[in-house]
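Working notes, structure below.
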Amino acid sequence: MASRALDRLTDALVRMAGGPAELDRPSKAEHGDYATNVALRVAAAKGVAPRDFAQEIAASAPEIEHVERAEVAGPGFVNLFLSPSWYAQALGEILESGKDFGGGSAETAERVQVEMVSANPTGPLTVGSARNGAFGDAVARLLEFAGHEVEREYYVNDIGRQVELFRESVEARRRGEEPPEDGYTGEYVSEIASVPGDPVDRMLEEIKAELMRFRITFDSWVLQREIEGEIAAALPKLDTYEAEGTTWARTSAHGDDKDRPLVRSSDGSFLYYASDVAYAENKFARGFDRLLYVLGADHHGYVARLKAAAAMLGHDPARLEVLIYQLVHLVEGGQARQASKRRGDVVFLSELIDKIGIDAARWYLVSRGHDQAIEIDVDLARERSEKNPVFYVQYAHARIAGILRNAGGVEPSGDGAAPTAEERELVKRLVELPGIAREACERRGPHAVTTYAIRVADDFHRFYHHHRVLGTDEEAFRLGLCVATKSVLARCLDLVGVEAPDRM
RNA sequence: GCGCCCGUAGCUCAGUGGAAGAGCAGCGGACUUCUAAUCCGCGGGUCGCAGGUUCGAAUCCUGCCGGGCGCGCCA
């Protein structure tokens with residue numbers, strides 16, 4: 001947590017105790033506004049009993065500005081009870097910060113490249129690619145909000161066996177013949193076949209349009225064809241040897257579990273790892289401070305070899321970061337559907353969007369930890385779309401917009417005489433945003449944002465139900481709460497690429 | 001066989017050393033109101049199992065069980 005109002009409390013406790021302090025929100029109201037473990041953390045180092053030390057802290061805590069009283073609890077927690085002045089200050093600071101509230105947490109701004117989606121142009125985007133994009137784009141947005149400069153890139157595998165197989169499959173269809181062995185057979189193959197032109201070019205255009213519809217815009221598109229020409233220059237920088245009639249990269253000496261072949265024995269053409277190396281070198285040469293690769297769990301074996309490439313090329317492997325997300329499994333009609341483009345038995349992003357909408361799709365795909373497999377029951381996702389948490393959060397935003405539309409000339413303010421329980425909870429929730437945004441960014445975990453947004457909406461709906469805003473003695477303060485809450489909700493939604501409607 | 005990931009309420013999942021949570025599903029309540037797509041209440045747990053570290057473990061370490069993904073000339 002890192003709002004200024006919170007930081008000042010933490011700093012004061014650190015000075016008082018002479019050691020590290022953390023503030024937590026207790027689950028029970030009788031445990032105060034905030035609880036600190038400072039006595040537990042420091043007592044051991046000082047060689048005193050935790051509870052005794054906690055007593056000392058609790059006794060002098062009221063000397064800290066805005067601390068009304070303090071109690072010792074459990075093994076040595078200190079529960080802090082804050083005065084109304086703290087809430088006024090905290091809310092005032094949020095209003096003052098406006099749209100910037102919670103941002104700019106980066107200590108040093110970096111140039112970061114996020115390579116994501118990069119699906120082969122051999123078929124429409126699947127829900128797996130959608131998770132890649134929703135996750136990668138949310139991470140990119142978090143990085144930008146923290147103050148980093150981000151470039152989004154899509155790597156197009158426009159050459160190689162798969163795209164040739166795709167071309168042959170389409171051409172076979174045009175001639176009315178059976179597709180080749182292991183060829184592509186989906187319905188979309190027929191559609192591509194029915195219009196003239198190169199199937200790969202056309203597929204790529206469809207992917208670009210689909211991504212735009214999904215609100216993901218790329219700054220650059222790199223073709224494997226272009227990288228291929230840089231392989232010859234990159235390979236000499238590697239640690240290689242000849243064996244079995246081919247050239248190998250000694251990646252096992254750099255953390256990989258086995259070496260990787262660079263050249264195909266049969267015809268001397270470059271293999272995929274050679275392109276990986278050249279592409280990584282190409283990225284580093286563009287001067288990025290950090291390279292993020294967003295890959296599905298079925299590519300987790302790439303982590304070690306990509307880092308090995310960075311090391312062999314003379315770069316710090318820590319600057320090359322691979323973000324792995326678990327796969328998206330689909331269930332429809334009680335049957336699992338495997339994501340395989342070649343068999344054509346797969347749910348495409350377009351189908352998911354048609355059924356549950358862009359907002360729900362983006363929300364749902366980032367709202368779980370990236371290490372967690374997502375199981376989507378396609379039928380159920382549609383039926384329950386109105387109960388999707390995204391609507392709950394959007395509704396809170398729209399409700400506030402409604403209040404603000406009806407508001408007269410009263411100026412929103414942080415000053416309130418004696419905030420009620422619901423108002424206190426809401427303010428404490430809002431001041432969490434900076435910490436949530438920073439942690440979500442540093443851990444590359446945007447799902448923390450959606451989890452937090454639900455809590456904010458929860459606290460607001462509760463406040464709304466218990467207290468009228470307009471035409472009350474507390475109108476200025478409550479309007480301030482509304483403005484701040486709307487801003488925080490809008491920020492959270494934007495960070496995951498979901499719209500914040502003013503009306504629903 | 002080896003590597004990565006997962007195992008928390010009936011279901012879907014948050015919670016990476018500090019007092020076990022949310023949503024959905026179930027049951028019962030609340031609309032002369034700034035939006036009832038909301039709110040209030042109730043029930044529900046050997047945090048996969050067993051050890052270890054620690055004042056303190058769902059969280060860290062070891063082993064095991066169960067599930068997912070992957071394991072050089074495809075990308």
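Proteins come first, then strands; the chains are lettered A, B, ... in the order of their sequence lines, and each starts at number 1. Here the structure is a predicted model, which means the values were calculated and not measured.
Using a 4.0 Å cut-off, no side-chain N or O of His467(A) falls inside it from OP1 or OP2 of C34(B). When the side-chain nitrogen and oxygen atoms of Tyr364(A) are compared with OP1 and OP2 of U12(B), none of them lie within a distance under 4.0 Å. A sub-4.0 Å separation between OP1 or OP2 of A75(B) and a side-chain N or O of Tyr272(A) is absent. Within the 4.0 Å cut-off from OP1 or OP2 of C74(B), at least one side-chain nitrogen or oxygen of Arg264(A) is found. An OP1 or OP2 oxygen of U12(B) is reached within less than 4.0 angstrom by no side-chain nitrogen or oxygen of Gln372(A). For the OP1/OP2 pair of C6(B) and a distance below 4.0 Å, the side-chain nitrogens and oxygens of Arg368(A) include no atom meeting the criterion. For Arg462(A), a side-chain nitrogen or oxygen approaches OP1 or OP2 of C40(B) to under 4.0 Å.
Ala396(A) comes within 4.0 angstrom of nothing in the nucleic acid, heavy atoms only. Within 4.0 Å (heavy atoms only), His31(A) reaches at least one base atom of the nucleic acid. Within 4.0 Å of Gly471(A), counting heavy atoms only, lies no atom of the nucleic acid at all. Within 4.0 Å (heavy atoms only), Arg51(A) reaches no atom of the nucleic acid at all. No contact: Gln394(A) has no heavy atom under 4.0 Å from any strand.
Of the nucleotides present, G21(B) is the one that pairs with C13(B) by Watson-Crick or G-U wobble criteria, both distances under 3.5 Å. As the counterpart of G26(B), C42(B) is assigned, both hydrogen-bonding distances of the Watson-Crick or G-U wobble pattern falling under 3.5 Å. Shown here, U59(B) forms no base pair; nothing in the strands shown gives a Watson-Crick or G-U wobble contact with both key distances under 3.5 Å. The partner of C47(B) is absent, by the rule that a Watson-Crick or G-U pair needs both atom distances under 3.5 Å. In this structure, G3(B) and C69(B) make a Watson-Crick or G-U wobble pair, each of the two defining distances being under 3.5 angstrom.
In the set A14(B), A75(B), G68(B), G68(B) carries the atom at the smallest distance from any side-chain atom of Gln326(A). Distances from the side chain of His461(A) to the nucleotides G18(B), U38(B), G70(B) place U38(B) closest. The side chain of Met504(A) has U35(B) as its nearest neighbour among G72(B), C39(B), U35(B). You'll find that the side chain of Gln162(A) is closest to A75(B), out of A75(B), U33(B), C73(B). In this structure, the nucleotide among G72(B), G18(B), A37(B) sitting nearest to the side chain of Phe391(A) is A37(B). Side-chain proximity of Arg455(A) to U33(B), A14(B), C73(B): nearest is A14(B). Relative to the side chain of Tyr464(A), the nucleotides C69(B), G18(B), C34(B) differ in distance, and C34(B) lies closest. With distances taken from any side-chain atom of Asp24(A) to the nucleotides A75(B), C73(B), G18(B), the minimum falls on G18(B). When distances run from any side-chain atom of Tyr302(A) to the nucleotides C34(B), C39(B), A75(B), the shortest one goes to A75(B). Closest contact between the side chain of Trp248(A) and the listed nucleotides G72(B), A75(B), A19(B) involves G72(B).
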Could you check Arg478(A) against Glu474(A) for salt bridge (charged side-chain N to carboxylate O under 4.0 Å, His left out), going step by step and ending with a plain yes or no?
CA-CA 6 Å; Arg478(A) 289 178 181 165; Glu474(A) 297 297 325; 5.8 Å; no
Please determine whether side-chain contact (heavy atoms from CB on, under 4.5 Å) holds for the pair Arg264(A) and Phe270(A), giving the CA-CA distance in whole Å, both sets of side-chain angles, and the decisive distance to 0.1 Å.
CA-CA 6 Å; Arg264(A) 186 182 290 146; Phe270(A) 292 122; over 6 Å; no
Show your working on salt bridge (charged side-chain N to carboxylate O under 4.0 Å, His left out) between Arg25(A) and Glu425(A) and close with a plain yes or no.
CA-CA 10 Å; Arg25(A) 289 190 58 186; Glu425(A) 289 307 301; 2.4 Å; yes
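Applying the 90° cutoff around 0 to the glycosidic angle, G28(B) is assigned anti.
For U16(B), its base sits under 3.5 Å from the side chain of Arg443(A) at one donor and acceptor pair at least.
Cation-pi geometry between Lys283(A) and Tyr155(A) is not met: the NZ or CZ atom fails to fall both under 6.0 Å from the ring centre and inside 45° of the normal.
Whole-Å rounding puts the Tyr392(A) OH to G23(B) P distance at 7 Å.
Of the charged side-chain nitrogens involved, none lies within less than 4.0 Å of a carboxylate oxygen, so that Glu228(A) and Arg225(A) do not count as a salt-bridged pair.
Once the 5.5 Å centre distance and the 30° plane angle are applied, the aromatic ring of His299(A) is found not to be stacked with the base of G70(B).
Of the possible polar contacts, none joining the Gln372(A) side chain to the Gly369(A) backbone as a donor-acceptor pair under 3.5 Å is found.
Within the 4.5 Å cutoff, side-chain heavy atoms of Asp502(A) are placed close to those of Arg405(A).
For G45(B) and G21(B), the C1' atoms lie 11 Å apart once the distance is rounded to whole Å.
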